[in-house]
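Following: one structure in structure tokens, then a few remarks.
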Amino acid sequence: VWIFGYGSLVWRPGFEFTSRKVGFIRGYSRRFWQGDTFHRGSEKMPGRVVTLLEDCGACTWGVAYEVRGEQIAASLEYLNMREAVLGGYDTKLVKFHPQEKDAEEPILALVYIATPQNPSYLGPASEEDIAAQIIVSSGCAGHNIEYLLRLADFMRYFCPQAEDKHLFSIEEALISILPCLYYTEESLEET
């Protein structure tokens with residue numbers, strides 16, 4: 001079984017796997033439209049994490065993990081709790097295209113996608129509003145800023161040829177806001 005990750009799964013799968021491949025799926029765009037009240041936020045201040053939006057001409061880069069034997073049941077049980085129960089995601093099968101030049105045919109992979117019907121779905125907002133929400137959110141897996149920056153770093157280092165305008169616009173908005181927060185906190189400490 002192959003499992004495709006396009007958010008925190010790219011750097012922290014949390015389950016044992018046999019192999020991993022960087023690559024992409026077609027027909028979806030990655031969006032910070034899913035709320036998170038557990039891993040990267042709280043009930044009072046939900047974080048923003050990614051989901052996939054059907055988009056004919058787009059592709060989303062990430063990592064596919066191959067799980068075999070006893071790894072299958074353990075990984076699916078873990079992901080069902082992490083993504084479906086706590087995250088509000090549904091599962092789909094997609095065609096994964098490995099990055100490797102000598103890659104074989106596309107691989108069928110399981111992917112978790114949050115839909116507008118789940119209670120944690122936040123939907124679209126401006127990049128500035130999403131960045132502002134990410135800055136103030138933190139959950140049991142860490143700060144929401146870490147989630148955004150790790151995902152941007154993954155794209156930069158493992159998929160430098162790929163474009164993800166939405167992701168990098170939010171990162172840029174976050175960076176433009178942070179100096180203001182730093183200055184404000186420093187000013188408050190001096191008074």
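These numbers come from a predicted model, not from an experiment.
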Using 4.0 Å as the upper bound for N to carboxylate O, is an ion pair formed by [Y] and [X]?
X	Y	value
Glu146	Arg40	yes
Glu127	Lys165	no
Arg156	Asp153	yes

Do you know the tightest heavy-atom contact between [X] and [Y]?
X	Y	answer
Val50	Tyr89	O-OH, 2.7 Å
Trp33	Arg48	CA-NH1, 3.6 Å
Trp2	Leu108	CB-O, 3.6 Å
Ala114	Asn118	CB-ND2, 3.5 Å
Lys95	Pro106	CB-CB, 4.0 Å
Tyr78	Pro13	CE2-O, 3.2 Å

Can you check whether [Y]'s main-chain N or O pairs, donor with acceptor, with [X]'s side chain at less than 3.5 Å?
X	Y	result
Arg30	Leu53	no
Ser176	Ala173	yes
Gln71	Arg68	yes
Tyr65	Val1	no
His143	Gly41	no
Ser137	Pro46	yes

Starting at [atom1] of [X], measure out to [atom2] of [Y] and round the result to the nearest 0.5 Å.
X	Y	atom1	atom2	answer
Ser138	Asp36	OG	CG	10.5 Å
Arg150	Ser8	CZ	OG	10.0 Å
Ile135	Ile145	CD1	CD1	5.5 Å
Tyr28	Thr51	OH	OG1	10.0 Å
Ile134	Leu174	CD1	CG	7.0 Å
Leu110	Ile72	CG	CD1	11.0 Å

Item to check | Heavy-atom check, side chain of Cys140 versus side chain of His39, under 4.5 Å | outcome: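 Contact flag for Cys140/His39 side chains = yes.
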Checklist entry - Does the salt bridge (Lys or Arg N to Asp or Glu O under 4.0 Å) test come out yes or no for Glu66 and Arg20, once each step is laid out? => result CA-CA 6 Å; Glu66 180 185 23; Arg20 61 178 264 156; over 6 Å; no
Checklist entry - What do the steps show when you test Glu16 against Ser75 for side-chain hydrogen bond (donor to acceptor under 3.5 Å, both in side chains), and what is the final call? => result CA-CA 7 Å; Glu16 286 187 31; Ser75 63; over 6 Å; no
Checklist entry - For Ser29, which of Asp55, Thr60, Asp164 qualifies under side-chain hydrogen bond (donor to acceptor under 3.5 Å, both in side chains)? => result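 Of the listed residues Asp55, Thr60, Asp164, the side-chain hydrogen bond (donor to acceptor under 3.5 Å, both in side chains) partner of Ser29 is Asp55.
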Checklist entry - When the aromatic ring centroids of Phe158 and Trp11 are compared, is their separation below 6.0 Å? => result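 Judged by ring-centre distance (under 6.0 Å), Phe158 and Trp11 do not meet the cut-off.
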Checklist entry - Can the ring centroids of Phe4 and Tyr112 be said to lie less than 6.0 angstrom from one another? => result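 Ring centroids of Phe4 and Tyr112 are no less than 6.0 Å from each other.
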Checklist entry - Aromatic rings Phe32 and His166: how do their planes relate, parallel, tilted or perpendicular, breaks at 30° and 60°? => result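 Judged by the thresholds at 30° and 60°, the geometry between Phe32 and His166 is tilted.
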